[in-house]
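Data block below; observations after.
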Amino acid sequence: MIKLSQDIIIKQLPEDFLVKEVPHLPIELSTYKKQDCITILWVTKKGLTTFEVIDFLCFKLALDNRDVHCEGLKDEDGITEQVMSITKILSKSDIELINVKENHKSKTYISISILGYAKTHVNEKNLHGNVFSVNLRNLNTEVVNQIYTKNQKPAEMAFLNYYDQQRFGLPGGPFLTHLIGKSIIQNRWDVAEEYYSKSGNQKIDQKNTKDKPTLKSINPAKLQFFLGAYDSYIWNNQLSEMIGSKQRLEIFSSHEVNTFNKLINQSIPLLLKSKGHSIDSNYQINTIEKSRASIVFTTIFIEQPVTDTLNIDRYSIRVHFFLPKGSYATMIIKQYLKLIV
């Protein structure tokens, strides 16, 4: 659960935050042919990260994590749908054995279906974006009027393309993933291991193994994620300095950024370049140049308000929008509320 301005709540229930990928699929995707060696899957998950799903598939199918590919990473908050591919041919009966019914104690589940078969894996560079359906809860009458009465028509809007909390830690914190990445880049692996343990990631990574995981034993894609978290921290600061306003928005404690009310009054490049980092199989760090849109454009669709069944004398409103890959819905919601509430 996340509390926003005016005590507005998002993610009070997983069903309040729905995410569906808009993927690019291999052009030859089809029914099974002899030359095919890859199964394309549609994965629905609740309460689990994409990395946990990868670990689950590897455990169930005796695969290496390099045999499982995805187009995007989804965190554990909410219910998400995404495309994945594995280096193995599965049948519908295989899928029935893999699928896990909802665990009512932990409130997590994975549901998998087969989209088809192909000769090539899906690729993270080919993701178009994601469609979001977000339920805003705990709204009083005044806020409902501000959101719904003034914004009944679809609103075309622009927002600053900051990375949000999910990039820097597990829900509720601690937000340490950027410090793991920074320590690795500085070749301070002992410090990185300490942050890794404190961050909660080590406990998650230990679910499907008897051994206590270390950074050099986990999925290389997750190691790259930690480096990316540090790059994201630098990006947020870079964009924030460019804005230079006095209006602040907190990502997490000790990490605030500048924002503003009207983009039309600002002049900033639509595409910004920044320094990034990658890590190879020998754990050598390479510096790369990355580019990212400074502003993201979308259309906000708003449903009619209803009584909030979880909060007394309050209302809820569900909003819908599409974002290109790499943009954060929670960040868009935070800026959207600053603009209209």
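- Scanning for side chain to side chain donor-acceptor pair (under 3.5 Å) contacts around Thr120 gives Glu28, with sequence neighbours left out.
- For the residue pair Gln12/Asn311, the side-chain donor-acceptor check at 3.5 Å is satisfied.
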May I have the list of side-chain donor-acceptor pairs in residues 139-147 shorter than 3.5 Å, sequence neighbours left out?
{"residue": "Asn140", "atom": "OD1", "partner": "Glu142", "partner atom": "N", "Å": "3.1"}
{"residue": "Asn140", "atom": "OD1", "partner": "Val143", "partner atom": "N", "Å": "2.8"}
{"residue": "Asn145", "atom": "ND2", "partner": "Thr141", "partner atom": "O", "Å": "3.3"}

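- Two residues are said to be in side-chain contact when any heavy atoms from C-beta on lie closer than 4.5 Å; Met242 and Leu160 fail this criterion.
- Going from atom CG of Leu4 over to atom CG of Leu337 covers 6.0 Å, rounded to the nearest 0.5 Å.
- Counting non-hydrogen atoms of neighbouring residues, nucleotides and ligands closer than 6.0 angstrom, the CG atom of Asp64 exceeds 12 such neighbours.
- Panel note: side chain Gln202, backbone Pro213; a donor-acceptor pair is recorded below 3.5 Å.
- You'll find the side chain of Ile204 reaches within 4.5 Å of the side chain of Glu52, heavy atoms only.
- Other cluster members for Leu271: none, since no ILVMFWY side-chain heavy atom sits under 4.5 Å from it.
- There is no side-chain donor-acceptor pair under 3.5 Å between Ser240 and Asn237.
- Between the side chain of Lys45 and the backbone N or O of Thr108 there is no donor-acceptor pair closer than 3.5 Å.
- In this structure the side chain of Leu215 reaches within 4.5 angstrom of the side chain of Leu223, judged on heavy atoms.
- Checking Tyr328, Phe175, Phe252 one by one against Phe168, the ring pair (Phe, Tyr, Trp, His ring centres under 6.0 Å) holds for a single residue, Phe252.
- No side-chain donor-acceptor contact under 3.5 Å links Thr298 to the backbone of Leu323.
- Between the CD atom of Gln82 and the CG atom of Leu41 there is a distance of 10.5 Å, given to the nearest 0.5 Å.
- Residues Asn219 and Val68 form no side-chain contact, since every pair of their non-hydrogen atoms from C-beta on lies 4.5 Å or further apart.
- Between the side chains of Thr87 and His69, no donor N or O sits under 3.5 Å from an acceptor N or O.
- A salt bridge is absent between Lys325 and Glu71: the closest approach of a Lys/Arg side-chain nitrogen to an acidic carboxylate oxygen does not fall below 4.0 angstrom.
- In this view, Tyr315 satisfies the ring-ring contact (aromatic ring centres under 6.0 Å, His included) rule with no residue, not counting sequence neighbours.
- A heavy-atom distance below 4.5 Å is found between the side chains of Glu81 and Trp42.
- Around atom NZ of Lys20, no more than 12 heavy atoms belonging to other residues, nucleotides or ligands sit under 6.0 Å away.
- Side-chain atoms of Ser274 and Lys290 form no donor-acceptor pair, as typed in the model, at a separation below 3.5 Å.
- Note that the NZ atom of Lys74 and the OG1 atom of Thr80 stand 7.0 Å from one another [nearest 0.5 Å].
- Residues Met84 and Ile54 are in side-chain contact: their nearest non-hydrogen atoms beyond the backbone lie under 4.5 Å apart.
- If you take CG on Asp67 and NZ on Lys88, they are separated by 9.5 Å, rounding to the nearest 0.5 Å.
- Around the NZ atom of Lys273, the shell of radius 6.0 Å holds no more than 12 heavy atoms that belong to other residues, nucleotides or ligands.
- For the side-chain hydrogen bond (donor to acceptor under 3.5 Å, both in side chains) with Tyr196, the lone residue among Asn201, Asp205, Thr177 that qualifies is Asp205.
- Using a 30° and 60° split on the angle between ring planes, Tyr230 and Tyr233 fall in the parallel class, below 30°.
- Distance NZ/Lys222 to CG/Leu73: 10.5 Å, rounded to 0.5 Å.
- Within the structure, every pair that satisfies the side-chain hydrogen bond (donor to acceptor under 3.5 Å, both in side chains) test and touches residues 162-174, not counting sequence neighbours, is listed here: Tyr163-Arg292, Asp164-Thr330, Asp164-Lys334, Gln166-Thr330, Arg167-Ser232.
- For His277, the ring-ring contact (aromatic ring centres under 6.0 Å, His included) test picks out no residue, with sequence neighbours left out.
- Within the model, atoms CD1 of Ile98 and CD1 of Ile110 stand 10.0 Å from one another, a figure rounded to the nearest 0.5 Å.
- Glu124 CD: 12 or fewer foreign heavy atoms inside a 6.0 Å radius.
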TODO: For the pair Lys46 and Glu15, evaluate salt bridge (charged side-chain N to carboxylate O under 4.0 Å, His left out) and give the outcome as yes or no after the intermediate values.
DONE: CA-CA 9 Å; Lys46 175 182 176 181; Glu15 290 75 11; 3.3 Å; yes
